[in-house]
Amino acid sequence: MVTPVIYPFVNELYCDSKLKIEHKLKDINQLGAIKYIHSGAHYTRYEYVLLQFMLINFIKNNSEWGLGSRFNFSSLGNPELSYERKITGAEILELIVLFGNLGHFKDTFSSNKVWFHYLFTNKYDLRNCLKKGLKSNGKNLLNKLLSSGNSYKIQWINTLFILSRTENLDDYRIICEEVVNKILSNKTDKWLDIYYKIRKVSYVVLDSHYSHIPISISLQNVLFNEKLFVDELSKYSSGLMGAFDRVNDLLEDTLYLENNTLLMGTYRSMDINTKLQIHLDNNQDNKAISKIKMLISGETASPFYEDFKISDEEIPWDKDRNLSITYFIKHREYFPEDVFQKELAVSKKLGKECYVAFNFSPSFSKYRTVYSINKKLEHSKQIKECLKIIRIALEDYLLYRKYSFEEVSNGRLEEVVMKKMITYFFRNLLTEDYFCEFDYIKNSSPFIIENGCKKTINKVDEYIEYYKSNSPHEKDAIHELETVKASLKSISYKGLMIVYLGSIRFINNDKKSVCELDGLILTPKHNAENIRVIEAKNLRKKKRRTTVAAKQLEEQFTPLLSNYFKSKLVTEDIEGFGAQIKIRK
């Protein structure tokens with residue numbers, strides 16, 4: 001293994017006595033708030049930076065890319081440095097690595113989200129205060145970052161502020177400005193291309209050890225063949241980097257955007273927000289630049305650097321039951337620019353018993369929303385909070401579906417979302433946590449989301465006609481669809497409803513079905529009832545259809561409910577079709 005080397009020009013910045021970069025990097029956890037969910041994820045920014053330095057040194061010594069060649073920075077079309085000696089490509093790469101980490105706070109993404117929110121909304125005039133402390137092009141770069149809605153890159157602006165406050169760091173600030181400008185403009189060059197690849201190799205190698213997926217990558221194996229590794233990095237389309245891309249996609253779903261990881265990240269963001277408000281209220285008289293300097297550089301006084309601890313027992317939400325929806329983004333501009341503002345607004349709507357988390361993947365190709373309920377809440381109150389969550393999630397779905405791709409990683413967006421919402425409802429309603437198995441005709445969506453019974457019945461009619469034309473001999477299935485339609489005709493309700501035109505089975509831990517239903521009508525905004533569960537019976541003797549169906553519901557479905565909900569049940573006949581159970585508010 002190659003020992004990391006810090007080159008002379010970089011070492012002057014690294015060893016600056018005022019910045020104390022090494023101390024800061026050692027005190028910041030690389031995975032931020034993820035460590036509160038995955039207790040083993042304890043490595044720091046220091047280890048992460050040194051790994052990238054090692055890879056830079058490795059490439060310099062094992063390639064002909066000219067990383068050791070010296071040149072004038074101004075020869076690249078950049079402002080001239082006061083540094084008398086020429087610098088090397090390896091030094092440029094090490095500086096980019098340092099710039100990308102120097103501006104991080106503790107609990108990185110949780111802090112970034114809050115800091116972005118304060119700058120984006122100009123709370124406490126912080127955006128204007130920060131601009132006063134930025135030199136040269138820094139102000140324009142801040143505007144550019146905020147307009148992009150990218151909180152993942154806010155640390156680069158922090159770095160520019162740090163470099164702007166000391167005259168003898170002007171050379172580093174000039175280089176940093178050029179780097180940040182290209183990053184925010186989505187441009188690249190030889191150095192950034194290498195940096196992006198080195199960065200990906202580094203975080204995938206380190207982070208893969210903390211994911212739930214049974215994959216971990218050994219750096220020793222990656223670097224086993226020096227020539228092969230360097231050759232792969234130089235290719236436009238590399239098999240090795242393609243493999244790292246695929247592992248990165250897995251890490252997004254199982255680590256960075258994992259449900260409890262996101263909930264913890266937002267929980268920590270809310271904590272930082274509370275402390276930051278108190279801090280700013282207590283320091284209103286400070287001058288603009290001093291106020292920002294205290295937050296970004298004053299580690300002992302800044303809420304962004306405060307220690308935070310939480311044990312698994314202290315986590316307030318139900319880690320095992322949550323509702324998560326992932327949107328694959330087609331039009332970014334219709335999704336939140338300020339994610340933390342969205343979290344604050346939704347949290348206020350839902351109240352203190354609910355927990356939310358929203359975030360994008362770093363590439364902004366995905367947007368995930370996660371909801372959960374206080375784990376200590378009584379079972380009788382869970383369904384109330386659950387329905388509040390479903391209403392909010394449904395409102396977002398109706399908005400975002402127009403700007404998202406119809407296909408997601410595990411099916412059509414509508415079907416995936418509806419299954420998740422229905423499953424989440426039953427996981428909170430039933431006494432045990434059953435797996436929900438959905439069965440319906442393929443190549444069609446059995447889910448109808450509509451306002452009012454009249455519009456809903458029209459869509460049910462369309463679905464029934466489609467079913468009859470494709471499966472005319474499936475008499476029992478057609479009867480089940482007609483039964484749901486008959487139930488809809490008895491509802492006087494103009495609000496939003498979800499209708500499921502298929503069967504649903506509740507599967508226990510022994511993988512056995514304990515109950516099967518023939519249709520659902522969920523009315524999350526209804527004042528009188530939550531849901532209708534339907535059982536159809538296509539018996540020759542029509543008079544027996546209602547009694548047999550009602551008996552089956554009472555023997556199979558009712559026992560799955562707590563006594564609290566049993567007192568809210570109304571069993572009704574659906575004349576000529578079957579029976580239904582309504583669960584009242």
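Heads up: numbering here begins at 1 and tracks the sequence.
- Outside the 6.0 Å centre-distance limit, the rings of Tyr7 and Phe53 are not counted as a close aromatic pair.
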Checklist entry - Checking salt bridge (charged side-chain N to carboxylate O under 4.0 Å, His left out) for the pair Lys275/Glu306: CA distance, chi angles, key distance, verdict? => result CA-CA 9 Å; Lys275 292 172 179 175; Glu306 283 190 22; 3.5 Å; yes
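- A distance of 9.0 Å separates OG1 in Thr188 from CD1 in Ile183, rounded to the nearest 0.5 Å.
- At distances below 3.5 Å, at least one donor-acceptor pair connects side-chain atoms of Tyr36 with backbone N or O atoms of Phe308.
- Remark: side-chain polar atoms of Thr44 are not paired, donor with acceptor, to backbone N or O of Ile28 under 3.5 angstrom.
- With respect to Leu295, the side-chain contact (heavy atoms from CB on, under 4.5 Å) criterion is satisfied by exactly one of Cys129, Ser290, Pro303: Pro303.
- Remark: Asp245 engages Lys200 in a salt bridge, criterion side-chain N to carboxylate O under 4.0 Å.
- In this structure, Asn282 contributes its side chain and Ile278 its backbone to a donor-acceptor pair below 3.5 Å.
- Using a 30° and 60° split on the angle between ring planes, Trp115 and Phe105 fall in the perpendicular class, above 60°.
- Residue Glu333 places its CD atom among more than 12 non-hydrogen atoms of other residues, nucleotides or ligands, all under 6.0 Å distant.
- A distance-only check finds a donor-acceptor pair linking the side chain of Ser238 to the backbone of Leu240 [under 3.5 Å].
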Item to check | CA sep, side-chain torsions, deciding dist, call: Phe304, Leu276, side-chain contact (heavy atoms from CB on, under 4.5 Å) | outcome: CA-CA 8 Å; Phe304 289 116; Leu276 184 56; 3.7 Å; yes
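- Applying the side chain to side chain contact (heavy atoms under 4.5 Å, CB included) criterion to Asp189, with sequence neighbours excluded, gives Lys182, Trp191, Leu192.
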Considering only distance and modelled atom types, tabulate donor-acceptor pairs under 3.5 Å from the side chains of residues 404-413, sequence neighbours left out.
residue: Ser404; atom: OG; partner: Tyr400; partner atom: O; Å: 2.7
residue: Arg412; atom: NH1; partner: Glu415; partner atom: OE2; Å: 3.3

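- The CG atom of Leu263 lies 16.0 Å from the CZ atom of Arg268; values are rounded to the nearest 0.5 Å.
- For Arg45 (side chain) and Asn101 (main-chain N/O), no donor-acceptor pair under 3.5 Å exists by modelled atom type.
- Aromatic ring pairs are classed by plane angle as parallel below 30°, tilted from 30° to 60° and perpendicular above 60°; the pair Tyr118 and Tyr124 is parallel.
- Residue Lys349 qualifies as open at atom NZ: its count of foreign heavy atoms under 6.0 Å is 12 or below.
- Applying the side chain to side chain contact (heavy atoms under 4.5 Å, CB included) test to Thr369 and every residue at least two apart in sequence or in another chain returns Ile325, Tyr327, Phe358, Tyr367, Tyr371.
- With sequence neighbours excluded, the residues that form a ring-ring contact (aromatic ring centres under 6.0 Å, His included) with Phe229 are Phe58.
- Atom NZ of Lys20 has 12 or fewer heavy atoms from other residues, nucleotides or ligands within 6.0 Å.
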Next on the checklist: side chain to side chain donor-acceptor pair (under 3.5 Å), that's the test. Do Ser297 and Lys18 meet it? Break it down for me.
Outcome noted: CA-CA 10 Å; Ser297 305; Lys18 292 182 180 178; over 6 Å; no
Item to check | CA sep, side-chain torsions, deciding dist, call: Lys342, Asp396, side-chain contact (heavy atoms from CB on, under 4.5 Å) | outcome: CA-CA 11 Å; Lys342 175 77 173 178; Asp396 273 354; 3.1 Å; yes
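- Within 6.0 Å of NZ in Lys319 there are more than 12 heavy atoms belonging to other residues, nucleotides or ligands.
- No side-chain donor from either of Tyr355 and Asn322 sits under 3.5 Å from a side-chain acceptor of the other.
- Scanning for ring-ring contact (aromatic ring centres under 6.0 Å, His included) contacts around Phe340 gives His117, with sequence neighbours left out.
- For the pair Ser269 (side chain) and Ser110 (backbone), a donor-acceptor distance under 3.5 Å is present.
- Using bins of under 30°, 30° to 60° and over 60° for the plane-to-plane angle, the ring pair Phe364/Phe360 lands in the tilted bin.
- For the residue pair Asp27/Tyr46, the side-chain donor-acceptor check at 3.5 Å is not satisfied.
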Checklist entry - Should Arg173 and Thr159 be marked as a side-chain contact (heavy atoms from CB on, under 4.5 Å) after you check the CA-CA gap, both sets of side-chain angles, and the distance that decides it? => result CA-CA 8 Å; Arg173 176 187 55 78; Thr159 298; over 6 Å; no
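- Ser82 pairs with exactly one of Asn168, Ile174, Asp171 by the side-chain contact (heavy atoms from CB on, under 4.5 Å) rule, that one being Asp171.
- Partners of Arg321 according to the salt bridge (Lys or Arg N to Asp or Glu O under 4.0 Å) rule, which considers only residues two or more places apart in sequence or in another chain, are Asp318.
- Below 30°, between 30° and 60°, or above 60°: for Tyr334 and Tyr403 the angle between ring planes is below 30°, a parallel geometry.
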Next on the checklist: Applying side-chain contact (heavy atoms from CB on, under 4.5 Å) to Ile289 and Arg165, what does each step give before you reach the verdict?
Outcome noted: CA-CA 9 Å; Ile289 295 176; Arg165 303 323 312 148; 3.7 Å; yes
